[in-house]
Number of protein chains: 2
Amino acid sequence: MGAKGQQGRKPRADVQRNRAALLEAAQRHFLRVGVGASLEAVAKEAGVGPATLYRHFPTREALLAAVLQTRSEELVARQEDIALLGDASEALRQWLRALEEYFSAFSGLPEPLMAAVREREPDNPLTLPCDELIATTDEYVRAAQLAGHARPSVKGYDLYLAAVSVAWIKGSGATDEESLDRLRALIESGYREQDGEE
Amino acid sequence: MGAKGQQGRKPRADVQRNRAALLEAAQRHFLRVGVGASLEAVAKEAGVGPATLYRHFPTREALLAAVLQTRSEELVARQEDIALLGDASEALRQWLRALEEYFSAFSGLPEPLMAAVREREPDNPLTLPCDELIATTDEYVRAAQLAGHARPSVKGYDLYLAAVSVAWIKGSGATDEESLDRLRALIESGYREQDGEE
DNA sequence: ACCTGAACACCGTTCAAGT
DNA sequence: ACCTGAACACCGTTCAAGT
């Protein structure tokens with residue numbers, strides 16, 4: 001019980017084309033109407049039948065994970081910029097903002113991301129990337145704590161949750177930038193060590 | 001443009017019965033499967049046709065608002081208990097917990113509640129109750145600020161958003177009580193005046 | 001091995017017909 | 001005035017048949 005059969009060396013040309021078309025169509029629809037977009041419409045726009053979509057991506061989460069791949073890579077790239085900062089406090093802050101933007105890529109994205117962490121479902125393709133993001137957040141938090149810029153009681157997962165929350169509120173559209181900024185400030189003064197130099 | 005026709009004094013007996021049956025069925029389904037429950041199933045369990053449900057509650061939000069009415073009254077009652085406390089800081093804390101529980105009544109409830117505040121839609125029956133809750137939160141925040149227990153920059157809406165967020169995370173099910181408690185603590189130390197007596 | 005389109009099931013919403 | 005059930009549209013998902 002392992003790989004199914006795609007161990008054959010070269011994927012057929014039409015397979016690659018279909019996959020690419022599906023990913024592009026999916027991204028367009030996710031951008032326009034959110035992660036709940038009609039899969040039938042995605043398939044139609046990609047010029048394939050619905051069954052072909054299911055063959056490539058057996059679940060909506062699988063399609064979503066594939067579309068998010070690009071964004072994840074952007075996050076990694078951004079992580080390198082952040083590492084150049086030196087200042088652990090500023091690095092943590094910027095990482096949280098980057099996380100928030102990532103979660104805001106599509107409307108409704110926070111929902112399946114939270115579901116993916118729910119109960120260690122190894123079949124959910126979103127679980128792995130989420131766990132990585134949580135681990136990375138924890139590293140930034142530890143660094144900030146060592147530098148005396150974050151309370152010792154705070155865990156990386158807490159700030160991960162805070163970032164998802166802000167993204168969810170942003171995505172729900174009920175809130176102006178001002179309120180979001182105040183919410184971010186509230187979170188920040190929530191995890192910051194109070195005797196840090198401002 | 002005005003009242004439709006229910007200005008007639010006494011609603012017919014079967015109308016009342018249908019309405020009550022619909023509300024009970026809706027509450028059961030919302031409790032079991034969340035606010036996205038099938039309206040067709042609700043109507044069937046209430047023993048009426050789908051069109052009857054639509055006649056009583058033209059939108060899902062209308063049905064939801066009616067079901068929430070009871071919970072809202074419970075919140076008001078709780079508000080009176082809280083007022084007896086005297087301590088503005090503890091009152092605010094307890095109010096936020098009460099809010100969070102209210103938002104957690106059904107899985108998926110935070111979503112339509114946030115949508116209701118989006119853009120002043122006067123036709124959305126959830127907008128009014130939400131605005132009231134926001135106003136009440138603001139009162140608690142002001143009282144705490146006067147007593148020197150909350151930072152002056154914090155607004156009631158900020159803590160309302162924080163409470164919805166916690167409820168959303170709780171409802172998404174991905175998180176144990178410990179993490180939720182740490183998140184609540186983070187929010188609390190985010191709005192608290194740092195020189196308050198602990 | 002991969003694709004296609006038909007097929008089934010489920011649901012939201014409305015409408016013509018009843019009482 | 002209110003109710004009913006049929007009807008339509010849309011979508012997720014699967015399956016038999018093609019190449």
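Lettering follows sequence order; numbering is per chain, from 1. Note that this is a predicted model, so its numbers are computed, not measured.
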Relative to each other, are the rings of B:Y140 and B:W95 parallel, tilted or perpendicular (30° and 60° limits)?
parallel
Checking [X] side chain against [Y] main chain: does a donor-acceptor pair fall under 3.5 Å?
{"X": "A:S189", "Y": "B:G190", "result": "yes"}
{"X": "A:N18", "Y": "A:V15", "result": "no"}
{"X": "A:R32", "Y": "A:A37", "result": "no"}
{"X": "B:R151", "Y": "B:E193", "result": "no"}
{"X": "B:R142", "Y": "B:G156", "result": "no"}
{"X": "B:E61", "Y": "B:D123", "result": "no"}
{"X": "B:T175", "Y": "B:K170", "result": "no"}

Sequence-distant partners of B:R28, side chain to side chain donor-acceptor pair (under 3.5 Å), two or more places apart:
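For B:R28 the side chain to side chain donor-acceptor pair (under 3.5 Å) partners, ignoring immediate neighbours, are B:E45.
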Under 3.5 Å, which N/O atoms of the protein pair with N/O atoms of nucleotides 13-16 of chain D?
from   : atom 1 : to    : atom 2 : distance (Å)
D:dT13 : OP2    : A:Y54 : OH     : 2.5
D:dT13 : O5'    : A:Y54 : OH     : 3.3

Would you say a side-chain N or O of B:T52 is under 4.0 Å from OP1 or OP2 of D:dT4?
yes
When you check the phosphate oxygens OP1 and OP2 of D:dC3, does a side-chain N or O of B:H56 lie under 4.0 Å from one of them?
yes
Let me know the distance between [atom1] of [X] and [atom2] of [N], rounded to the nearest Å.
{"X": "A:K44", "N": "D:dA9", "atom1": "NZ", "atom2": "P", "result": "14 Å"}
{"X": "B:R55", "N": "D:dT4", "atom1": "CZ", "atom2": "P", "result": "11 Å"}
{"X": "B:L64", "N": "C:dG12", "atom1": "CG", "atom2": "C1'", "result": "16 Å"}
{"X": "B:L53", "N": "D:dT4", "atom1": "CG", "atom2": "C1'", "result": "14 Å"}

Taking only heavy atoms on the protein side, list every residue of residues 15-38 of chain B lying under 4.0 Å from any atom of DNA chain C, sorted numerically.
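Within residues 15-38 of chain B, the residues near DNA chain C are B:A37, B:S38.
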Apply salt bridge (charged side-chain N to carboxylate O under 4.0 Å, His left out) to A:E101 and list each qualifying residue two or more places apart in sequence or on a separate chain.
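In terms of salt bridge (charged side-chain N to carboxylate O under 4.0 Å, His left out), with neighbours along the sequence ignored, A:E101 is linked to A:R78.
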Just jot down the ring pair (Phe, Tyr, Trp, His ring centres under 6.0 Å) partners of B:Y157, sequence neighbours excluded, or say none.
none
For DNA chain D, the dot-bracket notation using Watson-Crick and G-U wobble pairs below 3.5 Å, [ ] for pseudoknot-type crossings and | for other-strand pairs, is ||.|||||...|||||.||
